[in-house]
Amino acid sequence: MPQGQPESVPDDGLTTRQRRNRPLLMVHTGIGKGKSTAAFGMALRAWNQGWPIGVFQFVKSAKWKVGEENALKALGATGEGGTVAWHKMGEGWSWVQRGLHGDNTDNEEKAREGWEQVKRDLAAETYKFYVLDEFAYPLHWGWIDVEEVVRVLSERPGTQHVVITGRNAPQALLDAADLVTDMSKVKHPMDAGQKGQRGIEW
(Lines give C-alpha, C1' and ligand atoms only; values in the text may rest on other atoms or scores of the structure.)
Protein backbone atom coordinates (compact mmCIF):
# COMPACT_ATOMS: atom_id res chain seq x y z
CA MET A 1 0.00 0.00 0.00
CA PRO A 2 1.22 3.55 -0.66
CA GLN A 3 2.72 5.17 2.42
CA GLY A 4 1.87 8.84 1.98
CA GLN A 5 2.84 11.54 4.43
CA PRO A 6 -0.17 13.34 5.93
CA GLU A 7 -0.35 17.10 5.52
CA SER A 8 -1.49 17.34 9.12
CA VAL A 9 -2.51 15.00 11.92
CA PRO A 10 -5.81 16.00 13.55
CA ASP A 11 -5.91 16.52 17.29
CA ASP A 12 -8.89 14.19 17.70
CA GLY A 13 -7.56 11.92 20.43
CA LEU A 14 -7.70 8.88 18.13
CA THR A 15 -4.92 6.38 17.72
CA THR A 16 -3.52 5.75 14.24
CA ARG A 17 -5.46 2.47 14.09
CA GLN A 18 -8.72 4.10 15.20
CA ARG A 19 -8.33 6.88 12.68
CA ARG A 20 -7.49 4.39 9.95
CA ASN A 21 -10.72 2.47 10.52
CA ARG A 22 -13.14 5.39 10.80
CA PRO A 23 -16.07 5.42 8.35
CA LEU A 24 -15.59 7.45 5.18
CA LEU A 25 -17.88 9.63 3.07
CA MET A 26 -16.64 9.54 -0.51
CA VAL A 27 -17.77 11.42 -3.63
CA HIS A 28 -17.02 10.64 -7.29
CA THR A 29 -18.04 13.60 -9.45
CA GLY A 30 -17.00 15.38 -12.64
CA ILE A 31 -17.88 15.02 -16.33
CA GLY A 32 -15.57 12.11 -17.06
CA LYS A 33 -16.53 8.45 -17.45
CA GLY A 34 -16.02 5.99 -14.61
CA LYS A 35 -17.64 7.51 -11.52
CA SER A 36 -20.08 4.66 -10.91
CA THR A 37 -17.60 2.06 -12.14
CA ALA A 38 -15.07 3.19 -9.55
CA ALA A 39 -17.72 3.06 -6.83
CA PHE A 40 -18.69 -0.49 -7.81
CA GLY A 41 -15.01 -1.42 -7.76
CA MET A 42 -14.93 -0.28 -4.14
CA ALA A 43 -18.06 -2.36 -3.52
CA LEU A 44 -16.12 -5.40 -4.75
CA ARG A 45 -13.50 -4.71 -2.10
CA ALA A 46 -16.26 -4.35 0.50
CA TRP A 47 -17.76 -7.67 -0.62
CA ASN A 48 -14.37 -9.33 -0.24
CA GLN A 49 -14.21 -8.06 3.37
CA GLY A 50 -17.58 -9.66 4.07
CA TRP A 51 -19.36 -6.33 4.47
CA PRO A 52 -23.12 -6.04 3.76
CA ILE A 53 -23.53 -3.77 0.72
CA GLY A 54 -26.49 -1.57 -0.20
CA VAL A 55 -26.65 -0.09 -3.71
CA PHE A 56 -29.19 2.68 -4.37
CA GLN A 57 -29.48 3.83 -7.99
CA PHE A 58 -31.14 7.23 -8.24
CA VAL A 59 -31.16 7.63 -12.02
CA LYS A 60 -30.86 4.29 -13.78
CA SER A 61 -34.29 2.73 -14.16
CA ALA A 62 -35.41 -0.75 -13.21
CA LYS A 63 -35.27 -1.64 -16.92
CA TRP A 64 -31.63 -0.58 -17.25
CA LYS A 65 -29.43 -3.61 -16.72
CA VAL A 66 -25.86 -2.82 -15.75
CA GLY A 67 -23.17 -5.46 -15.67
CA GLU A 68 -22.08 -4.48 -12.17
CA GLU A 69 -25.54 -5.32 -10.85
CA ASN A 70 -25.44 -8.87 -12.21
CA ALA A 71 -21.87 -9.41 -11.04
CA LEU A 72 -22.35 -8.07 -7.51
CA LYS A 73 -25.65 -9.89 -7.04
CA ALA A 74 -24.02 -13.13 -8.15
CA LEU A 75 -21.14 -12.59 -5.75
CA GLY A 76 -23.53 -11.70 -2.94
CA ALA A 77 -25.37 -14.98 -3.46
CA THR A 78 -22.24 -17.12 -3.14
CA GLY A 79 -22.12 -16.83 0.65
CA GLU A 80 -18.37 -16.26 0.46
CA GLY A 81 -18.25 -12.49 0.91
CA GLY A 82 -20.73 -9.84 1.94
CA THR A 83 -24.41 -9.71 1.04
CA VAL A 84 -25.59 -7.37 -1.71
CA ALA A 85 -28.95 -5.54 -1.86
CA TRP A 86 -29.75 -3.54 -5.02
CA HIS A 87 -32.40 -0.80 -5.11
CA LYS A 88 -33.47 1.23 -8.17
CA MET A 89 -35.50 4.40 -8.16
CA GLY A 90 -36.87 6.85 -10.70
CA GLU A 91 -37.74 6.61 -14.35
CA GLY A 92 -34.19 6.23 -15.47
CA TRP A 93 -32.43 8.20 -18.13
CA SER A 94 -35.44 10.46 -18.65
CA TRP A 95 -34.17 12.38 -15.63
CA VAL A 96 -30.94 13.18 -17.41
CA GLN A 97 -32.65 13.92 -20.73
CA ARG A 98 -35.30 16.24 -19.30
CA GLY A 99 -33.36 17.75 -16.45
CA LEU A 100 -35.67 20.32 -14.86
CA HIS A 101 -37.93 20.58 -17.91
CA GLY A 102 -41.33 18.92 -18.11
CA ASP A 103 -43.22 17.19 -15.30
CA ASN A 104 -40.69 15.80 -12.85
CA THR A 105 -43.03 15.55 -9.88
CA ASP A 106 -43.06 11.75 -9.90
CA ASN A 107 -39.29 11.57 -10.28
CA GLU A 108 -38.79 13.99 -7.40
CA GLU A 109 -41.05 11.92 -5.18
CA LYS A 110 -39.20 8.72 -6.07
CA ALA A 111 -35.87 10.38 -5.35
CA ARG A 112 -37.11 11.54 -1.95
CA GLU A 113 -38.51 8.07 -1.22
CA GLY A 114 -35.12 6.61 -2.04
CA TRP A 115 -33.38 9.05 0.28
CA GLU A 116 -35.86 8.26 3.07
CA GLN A 117 -34.98 4.57 2.68
CA VAL A 118 -31.27 5.37 2.82
CA LYS A 119 -31.90 7.33 6.03
CA ARG A 120 -33.74 4.38 7.57
CA ASP A 121 -30.96 1.99 6.62
CA LEU A 122 -28.28 4.30 8.00
CA ALA A 123 -30.15 4.63 11.29
CA ALA A 124 -30.53 0.84 11.50
CA GLU A 125 -26.92 0.26 10.34
CA THR A 126 -28.30 -2.13 7.72
CA TYR A 127 -25.17 -2.05 5.55
CA LYS A 128 -21.51 -1.33 6.06
CA PHE A 129 -20.94 -0.05 2.52
CA TYR A 130 -23.41 2.13 0.60
CA VAL A 131 -23.27 3.12 -3.06
CA LEU A 132 -25.60 6.07 -3.70
CA ASP A 133 -25.28 5.95 -7.47
CA GLU A 134 -26.08 9.17 -9.36
CA PHE A 135 -27.28 10.73 -6.09
CA ALA A 136 -25.53 13.98 -6.99
CA TYR A 137 -28.21 14.64 -9.65
CA PRO A 138 -31.25 15.00 -7.36
CA LEU A 139 -29.09 17.07 -5.00
CA HIS A 140 -27.97 19.35 -7.84
CA TRP A 141 -31.56 19.74 -9.08
CA GLY A 142 -32.79 20.69 -5.62
CA TRP A 143 -35.05 17.66 -5.24
CA ILE A 144 -33.38 16.66 -1.97
CA ASP A 145 -32.08 19.14 0.59
CA VAL A 146 -28.28 19.15 0.56
CA GLU A 147 -27.98 20.44 4.13
CA GLU A 148 -30.11 17.57 5.41
CA VAL A 149 -28.04 15.04 3.46
CA VAL A 150 -24.79 16.43 4.85
CA ARG A 151 -26.18 16.40 8.39
CA VAL A 152 -27.52 12.85 8.18
CA LEU A 153 -24.33 11.50 6.65
CA SER A 154 -22.15 13.36 9.14
CA GLU A 155 -24.15 11.96 12.06
CA ARG A 156 -24.55 8.38 10.76
CA PRO A 157 -23.87 5.80 13.48
CA GLY A 158 -21.36 2.97 13.51
CA THR A 159 -18.80 2.33 10.81
CA GLN A 160 -20.84 2.80 7.65
CA HIS A 161 -18.95 3.84 4.51
CA VAL A 162 -20.84 5.83 1.87
CA VAL A 163 -19.81 6.61 -1.71
CA ILE A 164 -21.89 9.04 -3.81
CA THR A 165 -21.56 9.38 -7.58
CA GLY A 166 -22.78 11.84 -10.18
CA ARG A 167 -21.96 15.07 -11.93
CA ASN A 168 -22.28 18.48 -10.30
CA ALA A 169 -22.00 17.32 -6.71
CA PRO A 170 -22.87 20.32 -4.51
CA GLN A 171 -20.00 22.11 -2.81
CA ALA A 172 -21.44 21.49 0.67
CA LEU A 173 -21.26 17.74 0.01
CA LEU A 174 -17.69 18.00 -1.28
CA ASP A 175 -16.72 19.97 1.83
CA ALA A 176 -18.21 17.30 4.11
CA ALA A 177 -16.62 14.36 2.28
CA ASP A 178 -13.43 12.63 3.37
CA LEU A 179 -12.48 11.62 -0.18
CA VAL A 180 -13.43 13.48 -3.34
CA THR A 181 -12.47 12.39 -6.85
CA ASP A 182 -13.23 14.60 -9.84
CA MET A 183 -13.33 12.53 -13.02
CA SER A 184 -12.18 14.80 -15.83
CA LYS A 185 -12.69 13.95 -19.48
CA VAL A 186 -9.70 14.14 -21.77
CA LYS A 187 -11.21 12.20 -24.65
CA HIS A 188 -14.28 10.01 -25.24
CA PRO A 189 -15.41 8.02 -28.32
CA MET A 190 -18.90 9.52 -27.99
CA ASP A 191 -17.36 12.88 -28.96
CA ALA A 192 -16.68 11.33 -32.37
CA GLY A 193 -20.24 10.06 -32.73
CA GLN A 194 -19.67 6.54 -31.41
CA LYS A 195 -22.51 5.32 -29.22
CA GLY A 196 -22.06 3.34 -26.02
CA GLN A 197 -21.25 -0.32 -26.47
CA ARG A 198 -21.62 -3.61 -24.64
CA GLY A 199 -18.92 -4.39 -22.12
CA ILE A 200 -17.82 -0.75 -21.96
CA GLU A 201 -20.90 1.30 -21.03
CA TRP A 202 -23.00 -1.61 -19.69
Side-chain angles (χ1 to χ4, degrees), residues 1-2 21-62 64-76 81-90 92-93 95-96 110-111 114-115 117-119 121-122 125-141 143-144 146 149-150 152-154 156 158-185 188 196 199-202:
M1 294 295 292
N21 294 320
R22 69 185 180 86
L24 298 178
L25 172 57
M26 300 158 281
V27 178
H28 298 171
T29 193
I31 64 170
K33 175 178 168 57
K35 296 178 287 294
S36 295
T37 304
F40 293 135
M42 297 179 83
L44 287 175
R45 293 176 178 170
W47 171 84
N48 187 59
Q49 295 297 325
W51 296 354
I53 299 164
V55 178
F56 296 81
Q57 289 191 291
F58 281 83
V59 172
K60 299 177 179 73
S61 75
W64 185 255
K65 301 298 183 184
V66 295
E68 295 94 340
E69 177 182 358
N70 292 337
L72 278 166
K73 280 184 174 179
L75 287 173
T83 58
V84 179
W86 205 284
H87 310 276
K88 296 181 182 181
M89 278 78 69
W93 296 112
W95 288 17
V96 177
K110 288 180 179 178
W115 169 238
Q117 183 59 51
V118 171
K119 285 165 58 178
D121 284 327
L122 287 169
E125 299 184 53
T126 305
Y127 309 108
K128 189 172 173 75
F129 191 88
Y130 294 72
V131 178
L132 307 189
D133 190 34
E134 312 291 12
F135 190 49
Y137 284 103
L139 294 178
H140 174 67
W141 292 332
W143 294 355
I144 299 172
V146 177
V149 168
V150 168
V152 169
L153 293 176
S154 298
R156 68 192 186 280
T159 55
Q160 301 177 97
H161 300 278
V162 179
V163 57
I164 294 171
T165 72
R167 295 186 182 195
N168 301 311
Q171 188 60 48
L173 179 64
L174 302 183
D175 292 342
D178 302 290
L179 184 157
V180 176
T181 300
D182 187 296
M183 303 283 194
S184 61
K185 184 189 76 169
H188 197 294
I200 305 298
E201 268 72 39
W202 73 91

(request) For A136 and R167, work out which heavy atoms get closest and say how close. (result)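 Shortest heavy-atom contact: CB-O, 3.4 Å.
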(message) Can you give me the closest heavy-atom contact between L72 and A43, atom names plus distance?
(response)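 Heavy atoms of L72 and A43 come nearest at CD1-CB, 4.1 Å.
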(request) Test M42 against M26 for side chain to side chain contact (heavy atoms under 4.5 Å, CB included), laying out the working first. (result) CA-CA 11 Å; M42 297 179 83; M26 300 158 281; 3.1 Å; yes
(request) For T159 and N21, run side chain to side chain contact (heavy atoms under 4.5 Å, CB included): C-alpha distance rounded to whole Å, both residues' side-chain angles, the deciding distance at 0.1 Å, then the answer. (result) CA-CA 8 Å; T159 55; N21 294 320; over 6 Å; no
(request) Test L25 against every option in L179, I164, V180 by the side chain to side chain contact (heavy atoms under 4.5 Å, CB included) rule and name the one that passes. (result)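 Checked L179, I164, V180 against L25; only one passes side chain to side chain contact (heavy atoms under 4.5 Å, CB included): I164.
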(request) Please determine, by modelled atom types, if Q160 and Y130 share a side-chain donor-acceptor pair under 3.5 angstrom. (result)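 Y130 and Q160 do have a side-chain donor-acceptor pair below 3.5 Å.
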(request) Determine whether the side chains of D133 and T165 contain a donor N or O and an acceptor N or O closer than 3.5 Å. (result)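 Distance-only check passes for D133 and T165.
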(request) May I ask you to decide whether K88 forms a salt bridge with E69, counting only side-chain N to carboxylate O separations under 4.0 Å? (result) yes
(request) Could you tell me whether a side-chain N or O of H161 sits under 3.5 Å from a main-chain N or O of L24, the two making a donor and an acceptor? (result) yes
(message) Keeping T29 on the side-chain end and G166 on the backbone end, is there a donor-acceptor pair under 3.5 Å?
(response)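 Answer holds: yes.
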Please output the side-chain donor-acceptor pairs of residues 45-55 that fall under 3.5 Å, not counting sequence neighbours, one pair per line with the distance.
| unit_1 | atom_1 | unit_2 | atom_2 | d |
| --- | --- | --- | --- | --- |
| W47 | NE1 | L75 | O | 3.0 |
| W47 | NE1 | G82 | O | 3.3 |

(request) Quick one: which residue pairs count as a salt bridge (charged side-chain N to carboxylate O under 4.0 Å, His left out) with a foot in residues 23-40, not counting sequence neighbours? (result) K33-E201
(message) If the condition is salt bridge (charged side-chain N to carboxylate O under 4.0 Å, His left out), which residues does K119 pass it with, not counting sequence neighbours?
(response) E116, E148
